[in-house]
Amino acid sequence: MANIELRGVSKQFGDVKVIKNVSLTVEDNEFVVFVGPSGCGKSTLLRLIAGLEDLTKGEIHIDNARIDHLAPAARGLAMVFQSYALYPHFTVAQNMGYALRVAKEDKASIDKKVRAAADILQLTDYLDRKPKALSGGQRQRVAIGRAIVRNPKVFLFDEPLSNLDAKLRVAMRIELTKLHRTLNATMVYVTHDQVEAMTMADKIVVLRDGMVEQIGAPLDLYNAPDNRFVAGFIGSPAMNFFAGKVEGFVEGGIEISLTEGAPLTFPCTGSGLSIGDAVDFGVRPEHFCIGQGADGTLKGEVYAVERLGGETYLYLSSSSQKELVVHMSGDHQVAVGDHVEIGFSIAQSHLFGPDGQSVR
Amino acid sequence: MEKKRNAGFETWLMHIFLVSTAIIVLYPIFMMVMSGFKTNAEIFGSPFAMPKSFNLDNYAVIWNTTDVPRYLINSTIVTVISVIVLLITGTMAAYAISRYKFRGSIMVSLFFLAGLMLPLRLAIIPLFVQLKAMGLVDNLMGLIMIYTAMSLPSTVFILTGFLRSLPSELEDSARVDGASELRIMVQIMVPLITPAMVIAGIYNAVPIWNDFFFPLIFIQTPENRTLAQGLTSFFGEYSVNFGVLYAGLTLAALPVVAVFILQSKRFIAGMTAGAIK
Amino acid sequence: MDDSEYTRAKRRRARNLKLWLAFLLAPPAAILIIFVFLPMASAVVYSLYDWNGLVRKEFIGLDNFADILFNPNKNVILFNAFGNNVKVFVTLMIVQNGIALVLALLLARNPRGFRFYQVVFFLPVILSTVIIGFQWKMFLNPIFGLVNKALHYAGLSEWALPWLGLPETALPSMLLVNSWHWFGFPTLVFLAAIHRIPKDFIEAARLDGASEWRIAREIIWPLIAPAVTIIVVLTFIGSFNWFEIPYIMNGLEGSPQGSTDMLGLLFYRTAFGSVSAGGSDFGSGSALAVLMFIFIFIFSIIATKYLTSREVEMS
C-alpha cells in the first residue's frame with residue numbers, strides 16, 4: 001500500500017485555472033475524502049492523480065516515487081466512476097477481469113482473482129450477466145470489484161454513490177468503510193455530500209475554487225473550522241451567521257456587538273482585528289436551545305416547524321435575520337407564529353474576521 | 001352523434017386513401033413480376049391476366065445468354081468493398097473527431113462535413129482525367145474509391161453523432177485498466193456503435209448498389225459493368241422481348257427487396273438517417 | 001531522473017497521442033481529398049481553359065462561361081433545360097412532397113396496418129432508378145404498355161397517348177414516375193418528425209377541441225419545420241441534378257423537342273459529346289458544372305437560412 005503526495009499541483013483548461021497550487025499528503029491506508037461544492041475542482045484533482053488529465057504544474061508522488069509523467073495504468077491505482085462505467089457488452093466477469101486481460105495475465109489467474117473479488121462483494125451468482133441485467137447496487141459493486149481485482153496501491157472513487165437511492169447509499173457507505181478496513185488500502189474519495197465525507201473519512205480535504213480550504217479529521221472540521229466557508233459547508237443544516245462589529249478589547253478576548261441582543265465577549269488570542277471591523281458570529285442550529293442561553297439570547301418568530309418525532313427543526317425570523325434554523329432533539333410543541341427565545345453559549349459558537357478566517 | 005359519424009367518415013376516407021396508395025405502389029411491382037413469367041404473346045394479348053405458367057424460361061435466357069449474372073457479381077463486389085472501406089475509414093475519422101479534444105478539431109470536422117455539400121457528379125470531368133491517370137478507369141477499384149469518398153461525409157456525420165453520445169467515463173475506465181487507445185477504440189467503443197454502423201452502412205449501400213451514373217462514365221468493358229448500368233445494355237439487346245426484360249428487372253430488384261423486407265426497420269432508419277436530426 | 005526527463009516522458013505521451021490521431025485521420029482525409037476535393041477544385045481550373053477534346057490548351061479566363069451564357073446558339077438550350085429543371089422542382093414540391101405530407105399526417109394517427117404501409121411506401125425508394133425508369137418506360141409504351149392497354153379495356157381508347165412521345169405529356173409522365181419512386185422518403189421523414197412532437201402538445205390541443213385540420217396546421221406544421229427544411233433542400237438538389245429518369249426514359253437529348261432536357265443531360269452532352277453537341281468539350285462542360293454548383297449551393301444556403309428562421313425550438 002502507499003501514500004500519495006501532491007506538490008504544488010495546478011491545472012488549467014485554456015485560460016481557466018481549475019486547480020490552484022494544491023499541496024497535500026494522503027498517508028498509507030488512509031481514507032481521504034475530497035469534498036466541496038460543485039465546480040470546486042475536486043473531481044479534476046482526482047483525475048489528475050489518476051492520470052486522466054495532465055498536470056499544468058506541480059508533481060504527484062505515490063509511494064515516494066514521482067508518477068505524474070506515467071500513463072494511468074502505470075500508476076498502480078484503480079478508479080471507481082460515478083456512472084460505474086461498466087462495459088455494457090462485457091459480462092460481469094469480463095468487466096472485472098478486463099484490466100488483467102489487458103495486462104496479459106493468464107486465464108486461470110484472472111479467473112481466480114475475479115472469483116475472489118466476487119466473493120467479497122457477493123457477486124458470484126452474477127458473474128455471467130451483462131451489466132444491463134443488474135440492479136444499481138449490484139452495478140456499483142461490480143465497479144468496486146473491478147478495482148479490487150487489480151490489487152492496486154490506491155483506490156480512487158469519483159462520487160460513486162450519487163446514482164443510488166437514499167437507502168442503498170447508506171448501506172453502501174457502511175460497506176465501503178468495511179471494505180477499507182478489510183483491504184487496508186489507501187483510498188481517495190470525491191463527493192459533494194458532506195454526510196458521506198463525515199461518516200467515511202479519516203481525513204477530509206475541503207476544496208473551493210480549486211484551492212484547499214482546510215484539511216483535517218471530520219470532527220476537527222466540525223468543531224474548529226478554519227474559516228467561514230468550511231464552517232458553513234460542514235454541518236447540516238448549515239451554521240447560522242450573524243453580522244457583528246468589533247467594539248473593543250478585553251483581557252483574553254474581544255468585545256463584539258451584534259445587530260440584535262446584548263454585546264458579547266469572545267475569548268481569543270491575538271486576533272489581528274481592530275475596533276470597528278465587521279465580523280461574522282456563527283452558531284450551529286443544533287447548538288441553540290429554547291429559552292435563555294448561557295451567554296446570549298435571541299428572539300424570533302416561528303414561520304415553519306418540522307417535527308420528526310425524534311428531532312425538531314424550527315425556522316425563525318428575527319429582527320436582524322430573515323432565516324434562522326434551530327435543530328433540537330426530541331419533540332417540541334411549537335407552532336407557526338409563536339414567538340420564542342433561543343439561547344446559545346460562547347463555547348459552542350464561532351467568530352470569523354473580515355477575511356473570513358476563524359478568530360480563536 | 002353528429003360528430004361521431006363525421007369522425008367515422010374521416011377514418012373511412014383515410015383508409016381509402018392509404019389503401020389506394022398502397023395499391024398504386026404494389027400493383028406495378030406485381031405486374032412487373034408477373035410479366036416476367038409471360039411470353040411476349042401473353043404480354044401483348046392478355047396483359048392483365050395471370051401468367052399461364054410460372055415457368056422460368058425468361059430467367060433461363062437471362063442466366064444463360066446474358067451478362068446479368070456477371071453484373072450481379074460486380075455490383076456485389078463494389079458495394080460490399082465500398083461499404084467495408086467506408087465504415088472502417090469513416091469510423092476512424094468520426095472517432096478522432098468525437099472522442100478527442102485537439103487543436104483544429106473543429107476545422108477537421110468541418111472539412112469532413114463540407115463533403116456533404118459537394119455534388120461529386122459535377123466534378124465528373126476532372127475525376128475522369130484523374131482516374132485515367134491513376135489507371136482506375138474501367139476498373140471496379142475506381143468505382144470503389146469514388147463511392148467510398150462520396151459516402152465518407154455522411155458516414156462521418158452519422159457516426160460522430162453516435163460516438164459523441166457514449167459516456168467518456170467508459171474510455172477513462174479503460175484507460176485506467178491499462179488499455180491502449182487502439183484497444184479502447186476497437187474493444188470498448190466501436191462495439192457500442194454497431195447499430196449506428198449498420199445505419200450508416202445501409203444509408204450508403206443502397207445508393208451505391210443502385211447507382212448508374214458513375215459506371216456509365218467510368219466502366220467500358222462489358223465484364224466490368226455493374227447491375228444498374230448493365231441493365232441499360234441488356235435493354236438494348238432484348239428490346240423486343242418484353243418477357244425477358246421484365247424478368248431482368250425483377251431479378252435486378254430481388255436482392256435489395258429481399259434484404260429490405262427482412263430488415264425494413266433498419267432500412268427505413270438507415271435511409272432517413274441523414275434527414276432526421 | 002531529473003526534471004527534464006519527466007517533461008520528456010510527458011512530451012512523448014503527447015506526441016504518441018498526436019501520431020495516433022494522425023493515423024486515424026490521414027486515410028479518410030486522403031480519400032476525401034483525392035476523390036472529392038481535388039476534382040471539385042480542378043473543375044474550377046478546367047473551366048478557365050480552352051480544351052480540344054481531352055487536351056488542355058491555353059488559359060482563356062471566363063470565356064467558357066460567357067460562351068455558355070451569352071452565345072445565342074447555345075444559351076437557348078441552356079435556358080430551356082434550366083426552365084425544365086424549375087418545372088421539375090416545383091412539381092415535385094407540390095405533388096411528391098404534398099402527397100407525402102398528407103400520408104405522413106394519416107400515418108401519424110397510427111391506423112391499422114401502420115407497419116405494412118410504412119414498408120410498402122418505402123419499397124420504391126430502395127429500388128434502383130434504372131429499374132423503375134425501365135419498368136415505367138415499358139408500362140408507358142404506346143402500343144404494348146400496360147397503361148394504354150388499361151385505358152383501352154376501360155373504354156377510354158381516345159385517352160391512350162404516346163405518353164413519352166408528346167412534348168406535353170413526356171415531362172409530366174416522368175415526374176409522376178419520379179414521385180412514385182420517391183414519395184416514401186419524404187413521407188417517412190415527415191412521419192419521424194411528427195412522432196418527435198411530444199404527445200402532450202397534440203393531446204392538449206385535442207382536449208381544447210381543436211379540429212384535426214387545425215392541429216395539423218397550427219401545431220404539427222410549425223413543429224416539423226426542420227424536416228420540411230431538409231426535404232425542400234434535398235428536393236431542390238435532386239431536381240437540379242435530375243438525370244437518371246430522363247436519361248433512361250427518353251435518352252440524352254431530352255426528346256421530344258427538348259421538353260425533357262435537363263441541366264444534367266446538357267452537362268453530360270457537353271462534357272462527353274453527343275449527336276447534337278458534337279465532340280467532348282471539357283472546358284464548357286466544367287464551366288457549366290461550376291455554374292450549376294454555384295447556383296445549387298447559393299440556393300441551398302438561402303433556403304436553409306430562410307426556412308430555419310421559421311423553426312421553433314420544441315423543448
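So that the names make sense, note that chain A is the first sequence line, chain B the second, and so on, each numbered from 1. The figures that follow rest on heavy atoms only: side chains count, while hydrogens, waters and symmetry mates do not.
Using a 4.5 Å cut-off between heavy atoms, Ile88(B) does not touch chain C at all. In this structure, the portion of Leu17(C) lying under 4.5 Å from any heavy atom of chain B is its side chain and not its backbone. Contacts between Asn141(C) and chain B at a heavy-atom distance below 4.5 Å involve the side chain alone, from C-beta outward. In this structure, the portion of Ile248(C) lying under 4.5 Å from any heavy atom of chain B is its side chain and not its backbone. Contacts between Phe293(C) and chain B at a heavy-atom distance below 4.5 Å involve backbone atoms as well as side-chain atoms. Looking at Ala29(C), both its backbone and its side chain come within 4.5 Å of chain B, counting heavy atoms on both sides. Contacts between Phe139(C) and chain B at a heavy-atom distance below 4.5 Å involve backbone atoms as well as side-chain atoms. With a 4.5 angstrom heavy-atom cutoff, Ile29(B) touches chain C via backbone and side-chain atoms both. Leu152(B) touches chain C through its side chain: at least one heavy atom from C-beta onward sits under 4.5 Å away, while N, CA, C and O do not. Heavy-atom distances place no part of Leu86(B) under 4.5 Å from chain C, backbone and side chain included. Using a 4.5 Å cut-off between heavy atoms, Val259(B) makes no contact with chain C at all. Residue Phe282(C) touches chain B through both its backbone and its side chain, counting heavy-atom pairs closer than 4.5 Å. Heavy-atom distances place no part of Ala41(C) under 4.5 Å from chain B, backbone and side chain included. Of the atoms belonging to Phe102(B), it is side-chain heavy atoms, and not backbone ones, that fall under 4.5 Å from chain C. At a 4.5 Å heavy-atom cutoff, the contact between Phe122(C) and chain B is made by backbone and side-chain atoms alike. Heavy atoms closer than 4.5 Å to chain B are found nowhere in Leu263(C), neither backbone nor side chain. With a threshold of 4.5 angstrom between heavy atoms, Phe272(C) approaches chain B through side-chain atoms but not through N, CA, C or O. Contacts of Leu136(B) with chain C are made by side-chain atoms alone, with heavy-atom separations under 4.5 Å and no backbone atom involved.
The two residues Leu32(C) and Ala149(B) come nearest to each other via the heavy atoms CD1-O, 3.4 Å. Of all heavy-atom pairs between Pro39(C) and Leu127(B), the closest is CG-CD1, 3.4 Å. Nearest heavy atoms, Met271(B) versus Val125(C): CE-CG1, 3.9 Å. When all heavy atoms of Phe44(B) and Lys149(C) are compared, the pair lying nearest together is O-NZ, 2.7 Å. The nearest pair of heavy atoms linking Tyr100(B) to Leu24(C) is CE1-CD1, 4.4 Å. Nearest heavy atom pair, residue Gln130(B) against residue Ile34(C), reads NE2-O, 2.6 Å.
Top candidate by heavy-atom pairs under 4.5 Å with chain C, chosen from Asp211(B), Asn40(B), Leu120(B), is Leu120(B). Contact count against chain B (heavy-atom pairs under 4.5 Å) is highest for Pro28(C) among Pro28(C), Ala289(C), Ala43(C). Ranking Ala228(B), Ala94(B), Pro28(B) against chain C, the residue ahead of the rest is Pro28(B), based on heavy-atom pairs under 4.5 Å. Annotation: maximal heavy-atom pairing with chain C below 4.5 Å, among Leu227(B), Ile97(B), Leu26(B), occurs at Leu26(B). In terms of heavy-atom pairs under 4.5 Å with chain B, the best-connected choice from Leu146(C), Leu107(C), Val119(C) is Leu146(C). Here Val120(C) is the residue among Val120(C), Val44(C), Asn16(C) with the most heavy-atom pairs under 4.5 Å with chain B. Among the candidates Gly248(B), Gly115(B), Ala123(B), Gly90(B), the residue making the largest number of heavy-atom pairs closer than 4.5 Å to chain C is Ala123(B). Counting heavy-atom pairs closer than 4.5 Å to chain B, the top-ranked of the candidates Met40(C), Lys18(C), Met138(C), Arg112(C) is Met138(C). Counting heavy-atom pairs under 4.5 Å between each of Gly264(C), Ala150(C), Pro186(C) and chain B puts Ala150(C) at the top. When Ile43(B), Val257(B), Leu182(B) are compared by the number of non-hydrogen pairs under 4.5 Å with chain C, Leu182(B) comes out ahead. Interface summary for chain C: among Leu245(B), Val206(B), Leu216(B), Val129(B), the most heavy-atom pairs under 4.5 angstrom belong to Leu216(B).
Residue Ile31(C) holds its CD1 atom at 13.5 Å from CE of Met150(B), rounded to the nearest 0.5 Å. Note that CE of Met31(B) and CD of Gln135(C) are 10.5 Å apart. Values are rounded to the nearest 0.5 Å. Atom CH2 of residue Trp180(C) and atom OG1 of residue Thr21(B) lie 13.0 Å apart, to the nearest 0.5 angstrom. Distance CD1/Ile132(C) to CE/Met32(B): 8.5 Å, rounded to 0.5 Å. One distance of note links CG of Leu122(B) with CZ of Phe267(C); it measures 6.0 Å at 0.5 Å rounding. Of the inter-residue distances, the one linking Arg121(B) atom CZ with Met292(C) atom CE reads 9.0 Å to the nearest 0.5 angstrom.
Looking at heavy atoms from C-beta onward, His15(B) lies in side-chain contact with Pro111(C) at the 4.5 angstrom threshold. Proximity of Phe212(B) to Thr129(C): side-chain heavy atoms (C-beta onward) are nowhere separated by under 4.5 Å.
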For a side chain to side chain contact (heavy atoms under 4.5 Å, CB included) check, start with the C-alpha distance between Phe183(C) and Val25(B), then their side-chain angles and the critical distance, and finish with the verdict.
CA-CA 10 Å; Phe183(C) 80 94; Val25(B) 170; 3.5 Å; yes
Verify side chain to side chain contact (heavy atoms under 4.5 Å, CB included) between Ile126(C) and Asn210(B), making sure each step is shown before the conclusion.
CA-CA 8 Å; Ile126(C) 59 143; Asn210(B) 287 339; 5.5 Å; no
List the steps, then state whether side chain to side chain contact (heavy atoms under 4.5 Å, CB included) holds for Val19(B) with Tyr117(C).
CA-CA 8 Å; Val19(B) 168; Tyr117(C) 289 124; 3.3 Å; yes
List the steps and the verdict of side chain to side chain contact (heavy atoms under 4.5 Å, CB included) for Leu18(B) and Leu103(C).
CA-CA 7 Å; Leu18(B) 289 173; Leu103(C) 288 171; 3.8 Å; yes
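The one candidate from Phe235(B), Phe234(B), Phe242(B) that meets the ring pair (Phe, Tyr, Trp, His ring centres under 6.0 Å) condition with Phe134(C) is Phe235(B).
Taking the six-membered ring wherever Trp is involved, the centroid distance between the rings of Phe213(B) and Tyr247(C) does not fall below 6.0 Å.
For Arg115(C), the CZ atom counts as densely surrounded, since its 6.0 Å shell holds more than 12 non-hydrogen atoms of other residues, nucleotides or ligands. Other residues, nucleotides and ligands place more than 12 heavy atoms under 6.0 Å from the CZ atom of Arg13(C). Other residues, nucleotides and ligands contribute over 12 non-hydrogen atoms within 6.0 Å of the OH atom of Tyr153(C).
Using a distance-only test at 3.5 Å, with no hydrogens or angles considered, no donor-acceptor pair links the side chain of Glu181(B) to the main chain of Trp20(C).
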